[in-house]
Amino acid sequence: MPRLREALEEAGYEDVATYVQSGNVVLSSSDSATTVARAVERLVEKEFGLTIPVVVRTRAQLAKVVERDPLAKVAKDPKRYQVSFLEKKPSAELVRKLEEAAAPTERVVAEGREIYAWHPEGVAPSKLWAMLAGKGLGVTATARNWTTVTKLLELADA
């Protein structure tokens, strides 16, 4: 992550901060989220030889994700509460498939380009999580647990 941070700074981004080792980056740019996503994809490919789709949210969009928190009343363990950030809004058919895959104790809510999922028994045994974590969504996506989501917002506010 230090090399990624350096590469982003060298590319002209400001206020670059990273969080844990899974590609979480907070930065400042006057470019649109889409422009930043494409530029970072190119940078990662050039600097590291990796072709990785990048999903970007503005600080305001991330704040809205935290503010919505549709599962706050049931999701009590932030490590088992996941938010999937999608490149575009999921189809009604996809949301239905996710709801069907959820175990009786799990909860899933789609709001805009995010899917909130509560896995009280953990993510490992979850069919819902397997769908959210795989490539079967038909859209570029990345998931983070609630701890990471709120920490990224804190970093964006720093």
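Position 1 is the first residue of the sequence; numbering continues from there.
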Do Leu152 and Thr148 make a side-chain contact, defined as non-hydrogen atoms from C-beta onward lying under 4.5 Å apart?
yes
Is Val95 isolated, or which residues cluster with it under the ILVMFWY side-chain rule of less than 4.5 Å, directly or via members?
none
Val108, Met131: one ILVMFWY side-chain cluster at the under-4.5 Å cut-off?
yes
Thr105 and Pro120 have their tightest heavy-atom pair at O-CG, 3.3 Å
Qualifying side-chain hydrogen bond (donor to acceptor under 3.5 Å, both in side chains) pairs with a residue from residues 75-86, counting only residues at least two apart or across chains:
Asp69-Tyr81
With the side chain counted from C-beta on, respond yes when Val44 and Leu4 share a heavy-atom pair under 4.5 Å apart, and no when they do not.
yes
Is any side-chain heavy atom of Arg96 closer than 4.5 Å to a side-chain heavy atom of Glu93?
yes
Identify whether Val66 and Leu86 are in the same connected component of the hydrophobic contact network (ILVMFWY, side-chain heavy atoms under 4.5 Å).
no
Looking at every non-hydrogen atom in both residues, tell me the closest pair between Ile115 and Leu98 and how far apart they are.
CD1-CD1, 3.5 Å
Output, in order, the C-alpha distance, side-chain angles, deciding distance and verdict of side-chain contact (heavy atoms from CB on, under 4.5 Å) for Gln61 and Thr58.
CA-CA 5 Å; Gln61 291 167 335; Thr58 66; 3.1 Å; yes
Any link between Phe85 and Val123 through a network of hydrophobic side chains (Ile, Leu, Val, Met, Phe, Trp, Tyr) touching at under 4.5 Å?
no
Please evaluate residues Lys97 and Glu100 with respect to the criterion salt bridge (charged side-chain N to carboxylate O under 4.0 Å, His left out), reporting the C-alpha separation (whole Å), side-chain torsions for both, the decisive distance (0.1 Å), and the verdict.
CA-CA 5 Å; Lys97 286 179 181 177; Glu100 289 172 357; over 6 Å; no
For Ser126 and Glu106: C-alpha separation, side-chain torsions, deciding distance, then whether side-chain hydrogen bond (donor to acceptor under 3.5 Å, both in side chains) applies.
CA-CA 9 Å; Ser126 171; Glu106 291 181 309; 2.5 Å; yes
Please work out which of the three classes, parallel, tilted or perpendicular, describes the rings of Trp129 and His119, given edges at 30° and 60°.
perpendicular
Got a sec, which pairs hit salt bridge (Lys or Arg N to Asp or Glu O under 4.0 Å) with one end in residues 47-57, sequence neighbours left out?
Arg3-Glu47, Arg57-Glu114
Could you give the distance from OG (Ser28) to CG (Leu8), rounded to the nearest 0.5 Å?
12.0 Å
Note, Val26 side chain near Tyr19 side chain (heavy atom, < 4.5 Å):
no
Say whether Leu153 and Trp146 are linked into one hydrophobic cluster, either directly or through other cluster members, by side-chain heavy-atom distances under 4.5 angstrom.
yes
Would you indicate whether the side-chain heavy atoms of Leu27 and Val36 approach each other to under 4.5 Å?
yes
Single-linkage hydrophobic cluster, 4.5 Å side-chain cutoff, Trp118 and Val65 together
yes
How far apart are the C-alpha atoms of Glu111 and Val109, what are their side-chain angles, what is the distance that settles it, and do they pass the side-chain contact (heavy atoms from CB on, under 4.5 Å) test?
CA-CA 6 Å; Glu111 294 264 347; Val109 174; 3.7 Å; yes
Heavy-atom closest contact (Val74 atom, Arg107 atom, distance)
CG2-CG, 4.2 Å
With side chains defined as the heavy atoms from C-beta onward, is the minimum distance between Val56 and Thr34 less than 4.5 Å?
no
Kindly give the heavy-atom pair with the smallest separation between Thr18 and Arg5, and that separation in Å.
OG1-NH1, 2.7 Å
Where do Leu137 and Leu132 come nearest, in terms of heavy atoms and distance?
CD1-O, 3.7 Å
Looking at every heavy atom in both Arg38 and Val54, which two are closest together, and how far apart are they?
NH2-O, 3.4 Å
Looking at side-chain heavy atoms only, is the closest gap between Asn24 and Arg144 below 4.5 Å?
yes
